[in-house]
Protein chains: 2
Amino acid sequence: MRAAVMTAPGEVRVEDRPEPKIIEPTDAIVRLAATCICGSDLWPYRGIEKIDGPRPMGHEYAGIVEAVGADVRTVRPGQFVVGSFFASDNTCEICRAGYQSSCVRRESAAPGGAQAERMRVPLADGTLVATPDLPGDDLIPSLLAVSDVLGTGWFAAVAAQAGPGKTVAVVGDGAVGLLGVLAARQLGAERIIAMSRHETRQKLALDYGATDIVTERGDDGVARIKDLTDGLGAHSVIEAVGTQESMMQAIRSTRPGGHVGYVGVTHDVVLPGMDLFFSHVHLHGGPAPVRRFLPDLIDLVWNRRIDPGKVFDLALPLAQAADGYTAMDERRAIKVLLHP
Amino acid sequence: MRAAVMTAPGEVRVEDRPEPKIIEPTDAIVRLAATCICGSDLWPYRGIEKIDGPRPMGHEYAGIVEAVGADVRTVRPGQFVVGSFFASDNTCEICRAGYQSSCVRRESAAPGGAQAERMRVPLADGTLVATPDLPGDDLIPSLLAVSDVLGTGWFAAVAAQAGPGKTVAVVGDGAVGLLGVLAARQLGAERIIAMSRHETRQKLALDYGATDIVTERGDDGVARIKDLTDGLGAHSVIEAVGTQESMMQAIRSTRPGGHVGYVGVTHDVVLPGMDLFFSHVHLHGGPAPVRRFLPDLIDLVWNRRIDPGKVFDLALPLAQAADGYTAMDERRAIKVLLHP
């Protein structure tokens with residue numbers, strides 16, 4: 001089958017790889033209806049994260065089950081499924097507490113190689129959720145988005161305790177930040193401030209429910225958020241970038257007692273203890289436990305209450321994955337969908 | 001009047017200082033029934049925090065109101081009061097959200113110089129709470145403890161979400177950590193693991209409701225907490241030290257999705273972003289908003305439901321403040337009460 005592989009920073013090629021097979025009796029094989037490129041795929045692409053040898057890429061997926069292992073009970077061949085980007089048994093104490101991305105069986109079980117025609121998903125019962133029926137093509141981008149980018153934006157909004165009466169600021173106008181706006185709106189936030197200086201992204205943010213746009217960054221961005229919130233800062237801040245500047249911008253934009261939900265992978269970030277101490281914020285985040293939210297998010301998409309698939313502003317055949325990486329790296333595309 | 005002043009690291013002397021006066025119409029003058037030395041007073045004493053000129057010391061206080069400014073409505077001369085170590089108006093939006101130690105009027109209004117015969121308390125209406133009547137001498141140590149050390153341990157336990165069904169670990173066996181144990185017990189925690197290698201402190205921890213004692217620190221301490229919690233870590237961890245080692249020990253002792261409540265002043269601490277990201281913990285802390293808890297804690301003390309005053313294992317006349325600092329610095333005393 002064909003699959004995208006990163007061989008070095010800036011080098012992605014689509015090549016023949018062995019067909020995935022059932023290895024464990026808890027595995028499923030999924031034929032991908034669509035897959036996509038994640039902002040986090042850009043870390044190794046940009047050489048910020050080290051690659052040890054050729055790496056099959058992709059961890060966002062939706063598609064049809066082709067085969068299941070002998071122990072799989074909750075999904076069956078022919079069903080359309082969406083899965084989380086971390087495999088989880090969904091039965092351990094950590095999963096039951098809603099932190100499936102830290103499942104005790106997580107280490108050996110990260111689904112990978114989703115930028116491909118087919119993939120193996122471990123712990124299928126705990127990782128996959130089937131849709132009520134086979135979806136129409138128009139629903140597929142949104143269902144794919146649930147797998148990571150919406151699930152991650154949603155977790156950030158929940159971690160930031162976005163909700164009724166709250167002013168929410170969103171640091172980061174990538175797909176996760178934009179879907180953080182959508183999540184904050186769905187969770188009932190009163191006011192949503194999107195921080196963005198890109199017109200197309202501002203437009204999508206407003207579409208998704210942002211009430212204000214702030215174009216400033218760093219100190220100026222913090223000052224602007226304070227201006228908009230009686231000098232206090234936002235109740236809830238979503239951090240969806242993962243750099244030192246964005247983390248500090250998020251913390252400093254939050255009022256004392258407020259909540260920062262951070263989902264940008266914090267490469268090379270160090271938080272100064274005294275700043276954090278006197279900020280009085282709540283800080284929570286990490287790899288989103290998407291599995292916690294899958295049933296509800298699939299339901300919202302299925303009933304056309306939300307349209308997270310709009311973050312895909314470029315769709316390419318899998319064969320052109322390299323062009324997709326370039327477009328995202330150069331910020332010409334918000335998020336690239338790949339047709340296997 | 002007599003007051004303790006720190007002139008340089010390791011140098012505390014009791015000298016004559018001007019009597020405090022009403023400056024703002026919202027001030028009160030309090031004659032101290034008792035005062036004490038805080039763990040945080042040891043930071044400048046040990047030269048870790050810089051002192052710019054002679055510093056009147058002390059921020060924990062309980063005593064009799066002697067005078068109030070023209071605008072003070074809720075306390076009157078003759079009442080016994082306990083106050084928080086940060087002055088707050090208790091009416092701003094931040095105060096109403098329970099973060100009085102970040103009151104918008106905080107900057108200009110930190111009560112100081114409590115290791116003295118009398119002190120000025122700004123924003124008296126928002127800062128002080130009167131007891132139902134004049135207390136007996138036996139209650140005074142516990143009422144004094146409410147002012148900071150109990151309030152801080154309590155906030156740490158609340159920030160760590162200690163409660164029914166929870167396993168709580170406490171990093172730090174100083175007075176704050178020990179009262180964190182008491183708070184966790186009062187909040188209904190199922191299991192409380194105190195980390196201490198000092199026999200007298202272990203004994204007090206057990207007295208206050210600890211169910212387990214762990215003597216190991218650092219990696220070994222974390223491993224021991226994991227052993228005691230099915231390999232998962234504690235649900236709630238109280239951090240009451242403020243060093244790099246103690247913060248990392250607290251974070252690493254917490255299960256994914258669990259809560260770290262940190263109140264040790266984080267001098268020279270930097271938190272590595274990736275460790276925090278993948279720890280999946282909730283992190284919350286900072287200067288305790290003691291005012292939020294004052295009415296309830298005074299009530300618990302008044303009705304002899306709790307006895308936080310037991311952390312004072314040495315009582316000295318104010319004139320011997322220097323000996324008190326030495327005893328705490330050398331860990332010969334857990335916490336020193338001073339009689340003005």
Side-chain angles (χ1 to χ4, degrees), chain A residues 49 88 92-104 106 155 159 161 229-233 235 239 242-244 246-248 251 254-289 292, chain B residues 49 88 92-104 106 155 159 161 229-233 235 239 242-244 246-248 251 254-289 292:
Chain A
E49 188 181 302
S88 55
C92 77
E93 200 169 329
I94 301 300
C95 281
R96 280 182 284 129
Y99 286 85
Q100 290 91 342
S101 39
S102 282
C103 172
V104 298
R106 184 187 73 146
F155 172 58
Q161 300 212 350
T229 54
D230 299 326
L232 303 178
H235 298 96
E239 195 289 331
T243 62
Q244 185 71 25
S246 64
M247 278 297 278
M248 294 317 295
I251 291 167
T254 310
R255 67 180 56 196
H259 293 76
V260 177
Y262 69 103
V263 291
V265 183
T266 46
H267 290 81
D268 303 321
V269 170
V270 287
L271 300 180
M274 288 301 253
D275 292 12
L276 198 61
F277 187 81
F278 286 104
S279 74
H280 249 160
V281 303
H282 297 75
L283 195 62
H284 184 46
R292 189 204 307 178
Chain B
E49 188 180 302
S88 56
C92 77
E93 200 170 327
I94 301 299
C95 281
R96 280 182 284 128
Y99 287 85
Q100 290 92 338
S101 40
S102 283
C103 172
V104 298
R106 184 187 73 148
F155 172 58
Q161 301 210 349
T229 53
D230 298 326
L232 302 178
H235 298 96
E239 195 288 332
T243 62
Q244 186 71 25
S246 65
M247 278 295 278
M248 294 316 297
I251 291 167
T254 310
R255 66 180 57 196
H259 293 76
V260 177
Y262 69 103
V263 290
V265 183
T266 45
H267 289 80
D268 303 321
V269 170
V270 287
L271 300 180
M274 289 301 254
D275 290 12
L276 199 60
F277 188 82
F278 286 104
S279 75
H280 248 161
V281 303
H282 298 75
L283 196 61
H284 184 45
R292 188 202 310 177

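Every chain is numbered from 1, with letters handed out A, B, ... down the list of sequences. Computed from a predicted structure; not experimentally measured. Only this structure's heavy atoms are used, side chains among them; waters, hydrogens and symmetry mates stay out.
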Next item on the list: Examine whether an atom of B:Val270 lies under 4.5 Å from a heavy atom of chain A, and if so say whether it belongs to the side chain, the backbone or both; otherwise answer neither.
Entry: both

Next item on the list: Report the option among B:Pro256, B:Pro289, B:Gly264 that has the most heavy-atom pairs separated by less than 4.5 Å from atoms of chain A.
Entry: B:Pro256

Item checked: side-chain hydrogen bond (donor to acceptor under 3.5 Å, both in side chains) involving A:Thr229 - partner list, sequence neighbours excluded -> none

Notebook entry, point to check: B:His284 side chain to A:Leu283 main-chain N or O, any donor-acceptor pair under 3.5 Å?
Noted result: no

Item checked: Heavy-atom closest pair, residues B:His280 and A:Gly285 -> CD2-O, 3.3 Å

Notebook entry, point to check: Are any of the side-chain heavy atoms of B:Tyr262 and A:Leu276 separated by less than 4.5 Å?
Noted result: yes

Checklist line | Option that, when pairs with chain A are counted at under 4.5 Å, heavy atom only, ranks first among B:Cys92, B:Ser102, B:Pro272 | finding: B:Ser102

Check: Quick one: of B:Ser279, B:Gly273, B:Pro287, who has the most non-hydrogen atom pairs under 4.5 Å with chain A?
Finding: B:Pro287

Notebook entry, point to check: Where along residues 93-100 of chain B does a heavy atom come under 4.5 Å of chain A, listed by residue number?
Noted result: B:Glu93, B:Ile94, B:Tyr99

Margin query: Taking CG in B:Asp268 as the centre, count heavy atoms belonging to other residues, nucleotides or ligands within less than 6.0 Å. Is the count above 12?
Written below: no

Note to self: Quick check on A:Val265 against chain B: is it the side chain, the backbone, both or neither that has a heavy atom closer than 4.5 Å?
What the structure shows: both

Notebook entry, point to check: When rounded to the nearest 0.5 angstrom, what distance separates CE in B:Met247 from CZ in A:Phe277?
Noted result: 9.5 Å

